[in-house]
Student: 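Can you keep this structure in mind? I'll have questions shortly.
Values below: all heavy atoms of this structure, side chains included; hydrogens, waters and symmetry mates excluded. Residue numbers count from 1 along this sequence.
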Amino acid sequence: QVELVESGGGSVQAGGSLNLSCRSSRSTFSKDAMGWFRQAPGKEREFVAAISWESLSRYYGDSVKGRFTISRDNAKNTVYLNMNELKPEDTAVYYCAADTFIRTVGIDHTARFWGQGIQVTVSS
């Protein structure tokens, strides 16, 4: 699937910040719920954040709440993940995801459409 493309990953020191972007080429983007997930070495996939199409609903995983912010710009077909106060345990491959329903992404913690993922490494 080539409809979701992440960018902005890389390496950062603990306590620093990083901003991820995900550009969608889906014709339904303006009505899609969007989300971010991550998978760290030796760990299961973890829900990070989700946002409804009109940005009225936002969900965050417990481990990132208060540090990460999800946002979107429908005019640019892009969803963002602003990551602050990064910790080594935030190191993971981060995946952008899309679905028709915010409940699927934000509550069920899954999605129908996925990006290929982008590496985020936080060093101490």
Side-chain angles (χ1 to χ4, degrees):
Q1 184 61 255
V2 298
E3 294 180 310
L4 303 172
V5 181
E6 302 95 339
S7 62
S11 298
V12 65
Q13 290 185 329
S17 299
L18 203 62
N19 197 79
L20 303 182
S21 298
C22 173
R23 179 181 57 80
S24 173
S25 60
R26 290 172 48 81
S27 62
T28 55
F29 175 82
S30 64
K31 291 296 181 73
D32 278 351
M34 302 294 297
W36 291 94
F37 297 78
R38 68 187 184 186
Q39 187 162 17
K43 302 292 185 180
E44 296 294 316
R45 186 187 69 196
E46 179 185 14
F47 170 74
V48 175
I51 187 169
S52 61
W53 71 270
E54 75 277 64
S55 298
L56 292 179
S57 298
R58 289 179 169 88
Y59 298 84
Y60 294 97
D62 290 340
S63 64
V64 306
K65 189 174 183 179
R67 299 188 297 122
F68 292 9
T69 302
I70 188 170
S71 62
R72 68 191 295 164
D73 185 341
N74 288 350
K76 297 181 178 179
N77 280 21
T78 302
V79 64
Y80 306 94
L81 185 69
N82 186 293
M83 303 183 292
N84 299 303
E85 303 173 39
L86 283 162
K87 307 173 181 179
E89 51 262 44
D90 294 318
T91 295
V93 176
Y94 283 70
Y95 298 90
C96 179
D99 200 87
T100 306
F101 305 106
I102 183 62
R103 64 179 179 270
T104 304
V105 186
I107 298 175
D108 295 340
H109 295 171
T110 189
R112 289 190 294 156
F113 304 98
W114 298 83
Q116 294 187 20
I118 191 164
Q119 179 70 45
V120 171
T121 301
V122 184
S123 62
S124 58

Student: Whether the side chain of Thr104 engages the backbone of Ala111 through a donor-acceptor N/O pair (distance < 3.5 Å, no angle test) should be reported.
Tutor: no

Student: Hey, what do you get for CG (Leu20) to CH2 (Trp36), rounding to the nearest 0.5 Å?
Tutor: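 Reported to 0.5 Å precision, the distance equals 4.5 Å.
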
Student: Would you call Glu3-Arg26 a salt bridge at under 4.0 Å N-O?
Tutor: yes

Student: Under the ring-ring contact (aromatic ring centres under 6.0 Å, His included) definition, can you give me all pairs with a residue in residues 39-73, not counting sequence neighbours?
Tutor: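 Listed once each, the pairs are Phe37-Phe47, Phe47-His109.
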
Student: Apply side-chain contact (heavy atoms from CB on, under 4.5 Å) to Glu89 and Val122, showing your working.
Tutor: CA-CA 8 Å; Glu89 51 262 44; Val122 184; over 6 Å; no

Student: Do the side chains of Phe113 and Tyr80 join up, straight or via other hydrophobic residues, at under 4.5 Å, putting them in one cluster?
Tutor: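 Each belongs to a different hydrophobic cluster.
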
Student: How long is the straight-line distance from CD1 of Ile102 back to CG of Asp32, given to the nearest 0.5 Å?
Tutor: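 Interatomic distance, Asp32 CG to Ile102 CD1, rounded to 0.5 Å: 10.5 Å.
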
Student: Donor-acceptor pairs are to be reported for all side-chain atoms of residues 11-19 against protein atoms at under 3.5 Å, with residues two or more places apart or in another chain.
Tutor:
{"from": "Ser17", "atom 1": "OG", "to": "Asn84", "atom 2": "OD1", "distance (Å)": "2.8"}
{"from": "Asn19", "atom 1": "OD1", "to": "Asn82", "atom 2": "ND2", "distance (Å)": "3.4"}

Student: For Arg23, is the CZ atom crowded, meaning more than 12 foreign heavy atoms sit under 6.0 Å from it?
Tutor: no

Student: Drop me the distance from Gln116's CD to Glu6's CD, to the nearest 0.5 angstrom.
Tutor: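 Here the rounded value is 7.5 Å.
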
Student: Search all heavy atoms of Asp90 against all heavy atoms of Glu85 and return the closest pair with its distance.
Tutor: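 Answer, listing the atom of Asp90 first, then Glu85: OD2-O, 4.4 Å.
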
Student: Does NZ or CZ of Arg45 come closer than 6.0 Å to the centre of the six-membered ring of Tyr95, within 45° of the ring's axis?
Tutor: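 No; the conditions do not both hold, so Arg45 does not lie above the ring face of Tyr95.
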
Student: How many angstroms lie between OG in Ser124 and CG in Leu86, if you round to the nearest 0.5 Å?
Tutor: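 Rounded to the nearest 0.5 Å, the OG-CG separation comes to 12.5 Å.
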
Student: Would you mind listing every salt bridge (Lys or Arg N to Asp or Glu O under 4.0 Å) that reaches into residues 100-124, with sequence neighbours excluded?
Tutor: Asp99-Arg112

Student: How close do Tyr94 and Val48 get, counting heavy atoms only, and between which atoms?
Tutor: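 That closest heavy-atom pairing would be CE2-CG2, 4.3 Å.
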
Student: Are the side chains of Arg38 and Val64 in contact, using a 4.5 Å heavy-atom criterion?
Tutor: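 They are in contact (side-chain heavy atoms under 4.5 Å apart), so the answer is yes.
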
Student: Which residue pairs pass the disulfide bond (SG atoms under 2.5 Å apart) test when at least one of the two sits in residues 46-124, sequence neighbours left out?
Tutor: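 For residues 46-124: Cys22-Cys96.
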
Student: I'd like to check Arg72 versus Ser55 (side-chain heavy atoms, cut-off strictly below 4.5 Å). Are they in contact?
Tutor: yes

Student: Check Ser71 against Val79 and note the closest heavy-atom contact, atom names and distance.
Tutor: O-CG2, 3.1 Å

Student: Looking at OG of Ser24 and CG of Asn74, how far apart are the two atoms once the value is rounded to the nearest 0.5 Å?
Tutor: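 Between Ser24 OG and Asn74 CG, I get 10.0 Å after rounding to 0.5 Å.
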
Student: Determine whether Met83 and Val120 satisfy the following criterion, side-chain contact (heavy atoms from CB on, under 4.5 Å), listing intermediate values before the conclusion.
Tutor: CA-CA 10 Å; Met83 303 183 292; Val120 171; 3.9 Å; yes

Student: To the nearest 0.5 Å, how far apart are CE in Met34 and CG in Leu81?
Tutor: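 Nearest 0.5 Å value for the CE-CG distance: 11.5 Å.
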
Student: Under the disulfide bond (SG atoms under 2.5 Å apart) definition, can you give me all pairs with a residue in residues 23-73, not counting sequence neighbours?
Tutor: none

Student: Which atoms form the tightest heavy-atom contact between Glu46 and Ser63, and what is the distance?
Tutor: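 What the structure gives for the nearest pair is OE2-OG, 2.8 Å.
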
Student: Per the disulfide bond (SG atoms under 2.5 Å apart) rule, what does the pair list look like for residues 50-93, sequence neighbours excluded?
Tutor: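 Qualifying pairs, neighbours excluded: none.
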
